[in-house]
Amino acid sequence: MTVRAAVTGLVIFLLSVPVVQSQNGWGVTYSQTEVCALEGSTVELSCTYTYPYPGYYRVTESFWFTKTQNNEPVDVRTDSQYTGRVTYSCGWKRCTLRITNVEKRDSATYKFRFITNQAGVRFTGNPGVILSVTDLQVQGTYSWSKLELKCLSRCLSPHHVSYVWYKNGHKISAEESSYSDSYVHADSYSCALKGYEDFPSPLYCYYDSSCNKVKYTHRTICASRGSSVDISCSYRSYESIRSKFWFRSDQSQQGQHDLRPKDLREDSQYVNRVQVTESWRDTTLRISELRESDSAVYRFTFTAGSSGWGTSLPGTTLTVTALQVQVMKITTHRFYTEAELRCYSSCSEADLSYVWFRNGQKVTWKRTATTKISYYLDNKISCALEGHERFPSPSVYSPKVPSVVLNPTGEIVESSSVTLTCSTDANPAANITWFKRNGRQDFEPFSSEQQLIFSSIQSSDAGEYRCRAENSLGRRTSAHIIIDVKYAPRLPSVSLSPVDEIMGGSSVNLTCSSVANPAAKYTWYKENQTAPQGLQGLYGFTTISPEDRGTYYCRSENQYGWINSSPVFIDVQYAPKLPSVSVSPVDEIMEGSSVTLTCSSDANPAAKYTWYKENQTLPQGQKGTYSFTTIRSKDSGMYSCKSENKYGHKTSKGFCIDVQYAPRRPSVSLSPSAAIVEGTSLNLTCSSDANPAAKYTWYKENQTLPQGQKGTYSFTTIRSKDSGMYSCKSENKYGHKTSKGFSVDVQYTPRLPSVSLSPSAAIVEGTSLNLTCSSDANPAANYTWYKVNEETSVASGQIFIISDIRSEHGGNYYCEAHNTRGRHNSTLHLVVVSGSMKSVTAGLVTVIFLVIILLSIFLLIRKKRSSGETNKPGGRLDNEGQLNMASANDDPPASARRQPAEEQGELCYATVSFSRNKEDPIYSNILQAKFNRPKTKNEEEEDEVEYSVVKITSACSLPESRSQEVVEDSSKLYSTVNKKPRA
C-alpha cells in the first residue's frame, strides 16, 4: 500500500506480506501482519480461512479477539471498550474486522478464531495482526529567536501530505509538515492532517511550564437521555485570564471558528441545566437532564492579556441517546405470553440500575438491564435509569387493531387511481401484510406494503381485502373491505348453434355474451344493419334460408361504454359453379416470364382445385392458382381446372397457353451425309426450334450467301472452290441464334504433278540430288517414284533424295500422285555427265569419247525434232543440269509404267557430272511429306497410286579402266525407301 493511500485512510500497513498458518488443511491467512493507524482513524483487518472436509465440518461461529477470559477468547463485539465501534463483514471463508475511531488503547494483537459444528473442534490463526495506534507529535528546535517545528508520526511520511497548524487554539495558514515562528514563551502549538482536523496532535510548548494550554479529559462522551454528564478540561495561561467559558462549536459559523461563541450559561436551551465548577487550573461543565438535542462538540475558551485561547481546536464530543427496549424472546404459554426484554442505549451502561414499567406502573422487583415479564396484547412496557424515572424509554407494545382507509371513497371506475392504507400503532413498528380473498377461497397474502396503490385499477383487482399488523409482541387483523370496480363491457363472445355446417331450412341461434359492471344490454346487427329482433342477447333463425347468408355481430353496452363483437359469418353451403379461368399476363407470353393461372368458382364450402394439362393432372396440388415462375416452351398446351367440394364438382373450359421464344441454336445437316466428291450435288439444311417460326440466313466464311432466307442451301454440281466453313442464322422477333461453323470438304483427284530438282545448278558426280514431286489433291496425295524398265518403285514420298549420285543413276524417272479419288503422274529424263581424268592420256581419251557421244546426241535430237517430237518450254539440255517436266496421261497402264524413256510421250533431261574413283552410290531415304488437311480413314487405307517417270541417261560411256565392281553394281544403285507408317 502506498503512503498516499495510507494517509487517505489514516492507516499504513507496516508489513503487508500475507501470513499463512496451516495444519492438515486447517489454516488462517492474514492480509497484513502489522498495521499502524492514527488515533481517530478507521482500520480494517482481513483474513481468509480454510478447513478440511466441508461436507463434515461446518463453521457455526467466527470472531476476532484480543483478550481472553477464563482461557477463552473474548469476542471484541462483546468487549465494552469497542462498544459502537466494531463491525464484521464475513462470508465465503473470509472475514473483515472494521474498527472506527481507533484509540491508543486499541493497540493490540488481533487474532481470528472459528468454531465448527463438531464438539471441541475450533481453530485460532496465529500469530495474528499487530495494530499500533499512535497520534501526531510536534517537535521543535530553538535558534536565534526562531522556533522550528515539525509535525511527525511513525505511521506517515511527511511528503505529499497537507497539514493544518494551530497556535494557541487558533488555526494558522501553514500546510507543510514544518513550520517556523518567532519564539514567544506563551505560545503553544498543535498540528493535524488536513481533512482530519478532529484528530490533532497534543499541544507543544518549548517551555511547557509557562505556555497557554487547554487539554480535554475526554475526546468523546456517550450518555443516556435524562442523565447528567461532566465535561472537563485543564487549562493554563501565560497571562492573567480576563474571561473564560464553555460553548458549543455548532453555534459558530462553519469555517469561522474564531467568531466569538455563546456562553452556555447564557443559552436558553440550557437554563437550570448547566453548572461550571472550577478548581486549580481545571474546569468542569455539568449538563443535567440530558436531551438528545444536547449532542454536540463542547469547547472551552479564555482571554488573557493581549491573547487568549482560540476556538479552532476540537473539544469533547457528547452523544446523547435515549434508552430503548429490545424484545429478545417471546415464549407462548398456555394462558399467557412471557417476554424477555433488554433495556439499552448506544452508550455503555452495563453497571447502571434500571427501573421497568408496565402500563406506566413500576415493576419494583426488577433492577437489571434484562428482565422477563408476563405479557398480554394490551400491555405497554418501558424502562428508565434508576433516579431518572422522568426519562423512560419509549414503550414497546403489540399492534393495535389496524384500520383500513379507501381513497377515493365514492364509485370506483376502472383505470382510476385507488389507494388502500392500513394504519396501526405498534412499537417495535409493525410489519403490514395485505390479504385478498380469491373467489370463495380463503384469504391469501397479496402485498407487504403499508399501502396498496392501484395507479390504474382493473376489474381483476376487484375483491375483498384486509390487512394484518405484526411485530415481535403480537399481531392484529383489520376488518375486510370490498372493492367494486365499475367498467365498460369487454369484447363480447358470440356463439353459433349448431356449430357444424348450416344447411338451408335448419334452425340457427346466435348468442352474445359480455362481461360488464353493471350488466350490459345487447343489440344485433347484420352487415351494419340493425336486426329486427330487438335488444335480446339471443338472435334466432327458425328456418334459415340462403338470403340469411351474411356477416353478423352484436354490440354490448352499459353506462361506461360499448363494444362490438367480432363478426360471425353464416352461410348456406352448395356445390361449385362453373369455374372461370384467368391468365396473367393477358398479352403474349414470353419464355422466361412469370405466368399465373387463376381458377375461381363460387362454392360453399370453398372449392378445392385441380389443374390439368392435356388431360394430365398437374403436380401443384389443389390450389386456386397455378404459377410458372419461369415459363418454358415445353409448358405450351391446353389447360383446364376443376373445382370440387363435397357437394359436387365442375370443370372449366380448356384454354391454350402459347409460349413464344427466340430461336434455339440451329442444327445443320448435309445430304448426302457421305464424303463430298467434286461434281456431285449437295444440300445443306438448317433447322431451329422457335415460336414464331424462324427465318434463315446462310454464310460462308462470314459472307452472306445470296440464296435468301430458306432453310436449305443446295449445290447442283459442287466444285473444289466450294470447300470452306459454312454457318446459318435463325431469327425471329425475339432474337436470333447462329449455328456452329461446319466445314464442307470437297474431295477430288490429284492435279498434274510438278517435279523440281535441287540443286538446280550443274550436277557433279558424288553430289546430292533432291527430286520433289507436288500435286494439288483432296485427300492429300501420296507419292511414288519409278524408274522405267524396273519392276518396283525406287522410292515413296514427296521428296526423292540421291545422296551420292553416279552415272548409273541416269535414266527415265516418273512420280505418281494418288489418293482415294484417282491418280496422276509426270515424267523426267535425267542425263548424267562424268568429271575430270586422272592423267593426261586418260583425259584425252575421255575428251575424244565425249565428243563422239555429244555428236551422237546432237544427231539424235535433230532426228527427234524432224520426226515432230516437241519438248515442253524450258526443256533445254546442258551441262548445268537443267530439267523439264512432261505430263503423262492419268492412270497409265502398268505396261506403260515400265517402258523405256524413249517410248514415253514426253521426256525431261538432266545432265549430271560425276567424279571418278568414287565409292558406290547410295540412295538416301525418302520420307512422305505431311499436309495440313487431315486424312479420312478411307483415304489412309487406299493403296491406289499414280506414277511420274524420271529418266536418267549417261552422256558418255565409262572408261574401260573403271573397276569391274562399279560396272557390276551400276544396275543396282537404288536407295531404300522408308515409308512412314500411317497413324
Check [X] against [Y] and note the closest heavy-atom contact, atom names and distance.
X: Leu406; Y: Thr409; answer: O-CG2, 3.3 Å
X: Thr134; Y: Ser153; answer: CG2-OG, 3.8 Å
X: Thr424; Y: Pro402; answer: CB-CA, 4.2 Å
X: Ala384; Y: Phe357; answer: CB-CE1, 4.0 Å
X: Ile221; Y: Ile231; answer: CD1-CG1, 4.0 Å
X: Trp356; Y: Thr371; answer: CE2-CG2, 3.3 Å

Geometric cation-pi criterion, [X] with [Y]: 6.0 Å, 45°:
X: Lys372; Y: Tyr375; answer: no
X: Lys93; Y: Tyr49; answer: no
X: Lys262; Y: Phe245; answer: no

Exam field: side chain [X] to backbone [Y], donor-acceptor pair closer than 3.5 Å:
X: Thr337; Y: Thr332; result: no
X: Asp282; Y: Ser279; result: no
X: Asn70; Y: Glu72; result: no
X: Arg342; Y: Gln326; result: no
X: Arg122; Y: Gln118; result: no
X: Thr116; Y: Arg58; result: no

Close side-chain approach of [X] and [Y], heavy atoms under 4.5 Å:
X: Asn471; Y: Pro399; result: yes
X: Pro127; Y: Thr109; result: no
X: Val35; Y: Val129; result: yes
X: Val74; Y: Phe63; result: no
X: Asp294; Y: Ile287; result: yes
X: Met328; Y: Leu341; result: no
X: Thr42; Y: Asn101; result: no
X: Glu338; Y: Ser374; result: no

Would you kindly say whether [X] and [Y] are connected by a side-chain donor-acceptor distance under 3.5 Å?
X: Gln451; Y: Thr421; value: yes
X: Glu278; Y: Thr283; value: yes
X: Arg358; Y: Ser382; value: no
X: Thr217; Y: Ser232; value: yes
X: Ser190; Y: Ser201; value: yes
X: Asn272; Y: Glu289; value: no
X: Asn517; Y: Asp484; value: yes
X: Gln458; Y: Tyr487; value: no
X: Asn126; Y: Tyr30; value: no

Problem set entry | Residue pair Asp263, Arg299: steps toward the salt bridge (Lys or Arg N to Asp or Glu O under 4.0 Å) verdict | CA-CA 10 Å; Asp263 189 341; Arg299 298 176 182 175; over 6 Å; no

Ion pair check, [X] and [Y], cut-off under 4.0 Å:
X: Arg98; Y: Glu44; answer: yes
X: Glu464; Y: Arg466; answer: no
X: Lys400; Y: Asp425; answer: no
X: Asp198; Y: Arg219; answer: no

Mind checking the [atom1]-[atom2] spacing from [X] to [Y]? Nearest 0.5 Å is all I need.
X: Glu449; Y: Asn431; atom1: CD; atom2: CG; result: 11.0 Å
X: Glu39; Y: Asp135; atom1: CD; atom2: CG; result: 5.5 Å
X: Ser398; Y: Asp378; atom1: OG; atom2: CG; result: 6.5 Å
X: Ile412; Y: Ile482; atom1: CD1; atom2: CD1; result: 11.0 Å
X: Leu290; Y: Ser224; atom1: CG; atom2: OG; result: 9.0 Å
X: Arg273; Y: Leu264; atom1: CZ; atom2: CG; result: 10.0 Å

For this session: Would you please indicate if the ring centroids of Phe446 and Trp434 are separated by under 6.0 Å?
Result: no

Exercise. Under 6.0 Å between ring centres, would you say that holds for Trp64 and Tyr82?
Worked result: no

Exercise. Would you call the rings of Tyr270 and Tyr298 parallel, tilted or perpendicular, where under 30° means parallel and over 60° means perpendicular?
Worked result: perpendicular

Exercise. Which word best sums up how the rings of Tyr465 and Phe454 line up, parallel for under 30°, tilted for 30 to 60°, or perpendicular for over 60°?
Worked result: perpendicular

Exercise. Can you list the steps and then say if Arg105 with Val133 is a side chain to side chain contact (heavy atoms under 4.5 Å, CB included)?
Worked result: CA-CA 8 Å; Arg105 62 175 178 166; Val133 181; over 6 Å; no

Exercise. Is there a side chain to side chain donor-acceptor pair (under 3.5 Å) between Thr96 and Ser46 once you walk through the steps?
Worked result: CA-CA 4 Å; Thr96 300; Ser46 299; 3.0 Å; yes

Exercise. Near Tyr376 OH, under 6.0 Å, is it more than 12 heavy atoms from other residues, nucleotides or ligands?
Worked result: yes

Exercise. Given the rule in the side chain to side chain contact (heavy atoms under 4.5 Å, CB included) test, do Thr319 and Thr220 qualify, once you have shown the distances and angles that lead to the verdict?
Worked result: CA-CA 8 Å; Thr319 302; Thr220 60; over 6 Å; no

For this session: Any chance you could lay out the side chain to side chain contact (heavy atoms under 4.5 Å, CB included) test for Ile457 and Ile483, step after step, and finish with the verdict?
Result: CA-CA 10 Å; Ile457 198 166; Ile483 294 181; 4.0 Å; yes

For this session: Decide, based on the SG atoms alone, whether Cys95 and Cys47 are under 2.5 Å apart.
Result: no

